[in-house]
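Here the structure is laid out as structure tokens; the discussion comes afterwards.
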Amino acid sequence: MGRILNRTVLMTLLVVTMAGTAFSGSFNEEFDLTWGEHRGKIFSGGKMLSLSLDRVSGSGFKSKKEYLFGRIDMQLKLVAGNSAGTVTAYYLSSEGPTHDEIDFEFLGNETGKPYVLHTNVFAQGKGNREQQFYLWFDPTKNFHTYSLVWRPQHIIFMVDNVPIRVFNNAEQLGVPFPKNQPMKIYSSLWNADDWATRGGLVKTDWSKAPFTAYYRGFNAAACTVSSGSSFCDPKFKSSFTNGESQVANELNAYGRRRLRWVQKYFMIYDYCSDLKRFPQGFPPECRKSRV
């Protein structure tokens, strides 16, 4: 079960959470390879990690630490060539049936066709808050930085420091928001050809296996949680000041323009615009989903 912090611990965390602890460096120190046997590898002195998928199995890893609020950055280079049927998932999650989760999922495609970047937010075990995007570059040619900024006020999804999605805290409308359960970082590469590419119409071409994704440049400016207590290094307080000033720093006028640009030209699905899915009216948070 995801650990629900008691009121005292939560209030303490909310006071100190805007000071951050930054971790940058060794995958050996920060992550465990959790499944897939030899298909997950840490190399280059702990500076690089790769996950692979073949007909037998995919692979995955998770962080050794749990986080409660902060900014998580990871550089990924996705499966090249014909990646149809494959999914590379990179996300934050707690455990249990009422878990919280913040997702990046990269849905592979046929050679020459764009990846679909699938995003979602779960709170208290409920998700169904999907937005999907094409990217404005080929994510298989070079490393790009994918960031999650998680605060009590909002969650921002960023690509190369460009905001692509903002999910605001709408608890005043009765919408649960992930803020009580610490989450670990997870990533996995797996076969999902029953749904991943064109709704499952395009299957995985196993003649192209193994499929491999690469990781580097992990950085966390965040609070960690262990045994109900938190640790935040005060020297990062300047980059984690709370309130509206920090919201403005993360999403200033230029950032808001970039967000609108991405949502206008690269968003291909928004649950807040899906009339067939919500014929009786959109979820209440959709009123606050735009910036």
Check: With distance as the sole test, does S63 use its side chain to make a donor-acceptor pair with the main-chain N or O of I185 at under 3.5 Å?
Finding: yes
Next item on the list: Quickly, which of R129, Q131, E285 forms a side-chain hydrogen bond (donor to acceptor under 3.5 Å, both in side chains) with Y271? Name it, please.
Entry: E285
Checklist line | Minimum heavy-atom distance between N120 and G127, given as atom pair plus value | finding: OD1-C, 4.1 Å
Margin query: Checking side-chain polar atoms at under 3.5 Å, does N191 have a donor or acceptor matched by the opposite partner on T204?
Written below: yes
Next item on the list: Evaluate ring-ring contact (aromatic ring centres under 6.0 Å, His included) for Y215 paired with F61, printing each intermediate quantity in order.
Entry: CA-CA 11 Å; Y215 302 73; F61 65 83; 5.1 Å; yes
Notebook entry, point to check: Can you tell me if D160 uses its side chain to pair, donor with acceptor, with the backbone of T145 under 3.5 Å?
Noted result: yes
Check: Which heavy atom of S94 sits nearest a heavy atom of P182, and at what distance?
Finding: CB-O, 3.4 Å
Item checked: Donor-acceptor contact below 3.5 Å, side chain W150 vs main chain P178 -> yes
Notebook entry, point to check: Are a donor atom and an acceptor atom from the side chains of S187 and Y91 found within less than 3.5 Å of each other?
Noted result: no
Check: Do H154 and N168 have side-chain atoms, one donor and one acceptor, less than 3.5 Å apart?
Finding: no
Margin query: Between D274 and Y269, is there a side-chain heavy-atom distance shorter than 4.5 Å?
Written below: yes
Next item on the list: Grab the two heavy atoms, one from Q263 and one from R165, that are nearest each other, plus how far apart they are.
Entry: NE2-CA, 4.1 Å
Checklist line | Pair F31 + F218: ring centers closer than 6.0 Å | finding: yes
Checklist line | Verdict with reasoning, K65 to E30, per salt bridge (charged side-chain N to carboxylate O under 4.0 Å, His left out) | finding: CA-CA 7 Å; K65 299 182 178 74; E30 301 297 337; 2.7 Å; yes
Checklist line | Student check: side-chain heavy atoms of V79 and L189 closer than 4.5 Å | finding: yes
Check: Regarding T140 and D138, is there a side-chain donor-to-acceptor distance under 3.5 Å anywhere?
Finding: yes
Check: If you round to the nearest 0.5 Å, how far is CZ of R260 from OH of Y265?
Finding: 12.0 Å
Notebook entry, point to check: Is the gap between the ring centers of F106 and Y115 under 6.0 Å?
Noted result: no
Check: With distance as the sole test, does S44 use its side chain to make a donor-acceptor pair with the main-chain N or O of G46 at under 3.5 Å?
Finding: no
Check: Mind checking whether S188 and W35 have side chains closer than 4.5 Å, heavy atoms only?
Finding: yes
Note to self: Does F282 have more than 12 heavy atoms from other residues, nucleotides or ligands lying within 6.0 Å of its CZ?
What the structure shows: yes
Note to self: Heavy-atom count check: over 12 atoms from other residues, nucleotides or ligands less than 6.0 Å from K41 NZ?
What the structure shows: no
Item checked: Residue among V166, I72, I156 satisfying side-chain contact (heavy atoms from CB on, under 4.5 Å) with V149 -> I156
Margin query: Measuring from atom CG of L107 to atom CG of L117, what distance do you get when rounded to the nearest 0.5 angstrom?
Written below: 8.0 Å
Check: Does the side chain of S52 pick up a donor-acceptor pair with the side chain of S59 at under 3.5 Å?
Finding: no
Next item on the list: In plain terms, say whether K179 and E171 are close enough for a salt bridge, that is, a side-chain N and a carboxylate O under 4.0 Å apart.
Entry: yes
Item checked: Interatomic spacing from CE in M267 to OH in Y134 - rounded to 0.5 Å -> 13.5 Å
Check: Do F69 and P152 touch side chain to side chain, with heavy atoms closer than 4.5 Å?
Finding: yes
Note to self: What I want to check is whether the side chains of N82 and T111 have a donor and an acceptor closer together than 3.5 Å.
What the structure shows: no
Notebook entry, point to check: Are the side chains of P210 and L53 in touch, meaning some heavy atoms are under 4.5 Å apart?
Noted result: no
Next item on the list: On the 0 to 90° scale, with breaks at 30° and 60°, tag the Y90-F104 ring pair as parallel, tilted or perpendicular.
Entry: parallel
Next item on the list: Quick one: pull up NZ in K64 and NZ in K184 and give me the separation to the nearest 0.5 Å.
Entry: 10.5 Å
Check: Is there a side-chain contact between D103 and T119 (heavy atoms, below 4.5 Å)?
Finding: no
Check: What are the two closest non-hydrogen atoms of V87 and A196, and how far apart are they?
Finding: CG2-CB, 3.7 Å
Check: Do the side chains of S50 and F43 get nearer than 4.5 Å, heavy atoms only?
Finding: yes
Check: Are any side-chain N or O atoms of N109 and backbone N or O atoms of A84, one a donor and one an acceptor, separated by less than 3.5 Å?
Finding: no
Checklist line | Value rounded to 0.5 Å, distance of NZ in K203 from OG1 in T197 | finding: 9.5 Å
Next item on the list: Identify, with sequence neighbours excluded, every residue that meets ring-ring contact (aromatic ring centres under 6.0 Å, His included) alongside W136.
Entry: W261, F266
Item checked: Derivation and outcome, side chain to side chain contact (heavy atoms under 4.5 Å, CB included), residues F133 and I268 -> CA-CA 5 Å; F133 306 83; I268 59 173; 5.7 Å; no
Check: Within the side chain of K62, is there an N or O that forms a donor-acceptor pair under 3.5 Å with the backbone of Y186?
Finding: no
Check: Can we say E130 and R277 salt-bridge, meaning some charged N sits less than 4.0 Å from an Asp/Glu carboxylate O?
Finding: yes
Next item on the list: Would you name the heavy atoms of E110 and R198 that are closest together and state the gap between them?
Entry: OE1-NH1, 4.1 Å
Checklist line | Value rounded to 0.5 Å, distance of OG1 in T98 from CD in Q124 | finding: 7.0 Å
Checklist line | Main-chain N/O of A80 paired with S83 side-chain donor or acceptor, under 3.5 Å | finding: no
Next item on the list: Taking the side chain as every heavy atom from C-beta outward, state whether R71 and S147 have any pair of such atoms under 4.5 Å apart.
Entry: yes
Item checked: side chain to side chain donor-acceptor pair (under 3.5 Å) between D205 and S207, worked out -> CA-CA 5 Å; D205 182 356; S207 71; 2.6 Å; yes
Check: For A89 and E105, which heavy atoms make the closest approach, and how far apart are they?
Finding: CB-CG, 4.0 Å
